[in-house]
There are 2 protein chains.
Amino acid sequence: MPCKMHPESTDRQIERNWPEGIKKTKQRIAIYRILADSDTPLSAAEIYQTLNQNSEKPLYAFSTVYRCLQTFEDAGVLAKSVLISEETAVYELRTGTHRHYAICMKCHRKFPLRSCMLGDLRRMLSEEAEGFEITGHQLEIYGYCSSCTRS
Amino acid sequence: MPCKMHPESTDRQIERNWPEGIKKTKQRIAIYRILADSDTPLSAAEIYQTLNQNSEKPLYAFSTVYRCLQTFEDAGVLAKSVLISEETAVYELRTGTHRHYAICMKCHRKFPLRSCMLGDLRRMLSEEAEGFEITGHQLEIYGYCSSCTRS
DNA sequence: GATGCAAATGCAAATCATTCGCATCTTAAT
DNA sequence: ATTAAGATGCGAATGATTTGCATTTGCATC
């Protein structure tokens with residue numbers, strides 16, 4: 001399942017974005033590729049499934065998936081988040097511009113928001129939080145998408 | 001550990017806000033009280049600990065805590081969320097105005113944000129999300145509070 | 001106030017995502 | 001090619017949450 005609109009772009013992206021000092025192994029490359037080709041954040045289980053979908057018995061271990069994700073996160077190329085609507089963590093590559101999603105509570109599809117319209121986050125801090133150093137944020141909208149009715 | 005500024009207000013709040021058709025048991029009342037008296041969202045473990053802090057052997061079971069929280073959530077008086085910085089879910093009573101927090105990645109303290117400054121969330125939806133019915137949202141700022149240095 | 005039944009609780013066992021220990025295999029630098 | 005540091009695979013361990021089931025309790029009814 002290579003990428004969609006620009007053939008080869010994933011390979012080039014790997015060349016350019018591969019984090020400094022991180023060994024290239026076939027597992028890591030495969031996981032990176034899956035993340036790069038996905039347009040929504042993926043869970044470890046989804047990545048594991050995609051990795052092993054074409055083989056009889058698993059070629060890649062679950063622990064490897066988690067360890068690679070951890071490695072990418074430490075290296076700063078991956079963002080981990082825990083969505084309210086799911087019970088498990090999901091992961092996506094950090095692109096230049098981060099993303100937020102509207103998540104359907106029924107089908108669990110994730111729709112990227114137009115853009116991050118959060119202005120000055122610092123202004124939201126109260127006096128008690130004086131001196132708080134902001135390093136990140138997370139916004140999530142949830143509800144029901146047009147294909148799913150409420151109940 | 002009764003409430004802080006207004007003696008009895010918790011009892012009155014329980015009278016007024018107790019959800020329709022939900023039996024009052026001492027466990028549920030105790031859990032509601034703990035949530036009402038807390039100024040930050042609490043995890044199930046924190047609630048369990050508070051419940052049992054004054055007795056030799058546990059008076060209340062963990063499963064009861066989870067089941068009560070589920071009941072309150074279903075009844076709509078409780079909001080569950082999974083913060084990025086923690087591994088476990090946290091819970092808080094739904095007050096009229098919902099809250100968001102700045103969370104310290106080191107000490108895990110939660111500082112309520114001044115207010116929800118998110119304007120029209122619908123405008124953030126992209127075309128693909130046409131027809132999405134928004135039922136809630138979650139915003140979270142993370143970083144390091146003034147008492148904790150970065151590393 | 002006593003009674004009955006549906007619903008709630010306590011306990012322990014089960015589940016599910018995630019992490020860890022350790023022996024073996026790979027990467028990448030020499 | 002050689003090799004040491006680091007990565008992987010496997011299965012067992014962990015920790016949060018859920019569940020089955022026997023027992024207890026809230027509360028509507030007498």
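Residue numbers begin at 1 in each chain, while the letters A, B, ... track the order of the sequences. Remember, predicted model here, so these are calculated numbers, not experimental data.
- Side-chain contact between B:Ile22 and B:Thr71: present, with at least one pair of heavy atoms (C-beta onward) separated by less than 4.5 Å.
- The only option from B:Ile47, B:Leu42, B:Thr64 that meets the side chain to side chain contact (heavy atoms under 4.5 Å, CB included) definition with B:Leu69 turns out to be B:Ile47.
- Residue B:Glu46 contributes atom CD, which lies 16 Å from atom C1' of D:dT17 at whole-angstrom precision.
- A:Leu59 comes within 4.0 angstrom of the backbone, heavy atoms only, and of no base.
- Summarising the geometry of B:Ile103 relative to A:Phe132, their closest heavy-atom pair is O-CZ, 3.4 Å, with the distance given to 0.1 Å.
- Of all nucleotides listed (D:dT8, C:dT26, D:dT17), C:dT26 comes nearest to the side chain of A:Lys23.
- Across A:Phe72 and A:Arg28, no two heavy atoms sit closer than the pair CZ-O, 3.6 Å.
- In this structure, of D:dT17, C:dT18, D:dT8, it is C:dT18 that holds the atom nearest to the side chain of A:Ala44.
- Between A:Glu128 and B:Lys110 there is no salt bridge, since no side-chain N of the basic residue sits under 4.0 Å from a carboxylate O of the acidic one.
- Computed from coordinates, the B:Asp74 CG to C:dA8 C1' distance equals 15 Å when rounded to whole Å.
- Distance B:Lys26 NZ to D:dG26 P: 6 Å, rounded to the nearest Å.
- Using a 4.0 Å heavy-atom cutoff across all strands shown, B:Ala45 reaches no nucleic acid atom at all.
- Of the possible donor and acceptor atoms, none in the side chain of A:Ser38 sits under 3.5 Å from a partner among the backbone N and O of A:Ile34.
- We find the CZ-CZ distance between B:Arg109 and B:Phe111 to be 4.0 Å, quoted to the nearest 0.5 Å.
- Heavy-atom contacts from other residues, nucleotides or ligands closer than 6.0 Å to CD of A:Gln49 number 12 or fewer.
- Residue A:Ile29 contributes atom CD1, which lies 13 Å from atom C1' of D:dA7 at whole-angstrom precision.
- Listed here is the closest heavy atom pair of A:Glu92 and A:Leu35: CA-CD2, 4.4 Å.
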*In dot-bracket notation, what is the pairing pattern of DNA chain D, taking Watson-Crick (N1-N3 plus N6-O4 or O6-N4) and G-U wobble (N1-O2 and O6-N3) contacts under 3.5 Å, with [ ] crossing and | for other strands?*
||||||||||||||||||||||||||||||
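- In this structure, SG on A:Cys107 lies 11.0 Å from OH on A:Tyr144, to the nearest 0.5 angstrom.
- Under 4.0 angstrom from either OP1 or OP2 of D:dA7 there lies no side-chain N or O belonging to A:Thr71.
- Proximity note for B:Tyr60 (side chain, C-beta onward) versus C:dT18, C:dG10, D:dA16: the nearest is C:dG10.
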Check the interface with nucleotides 19-22 of chain C: list each N/O to N/O pair with the protein under 3.5 Å, or write none.
| unit_1 | atom_1 | unit_2 | atom_2 | d |
| --- | --- | --- | --- | --- |
| C:dG21 | O6 | A:Arg67 | NH1 | 3.4 |

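- Ranking C:dT18, C:dA8, C:dT27 by closeness to the B:Arg28 side chain, first place goes to C:dA8.
- Whole-Å rounding puts the A:Lys24 NZ to D:dT8 C1' distance at 19 Å.
- Contact between the side-chain N/O atoms of A:Thr64 and the OP1/OP2 oxygens of D:dG9 is found at a separation under 4.0 Å.
- Residue A:Gln27 places at least one side-chain N or O closer than 4.0 Å to OP1 or OP2 of D:dG9.
- The CD1-C1' distance, from A:Ile22 to D:dA5, rounds to 13 Å in whole Å.
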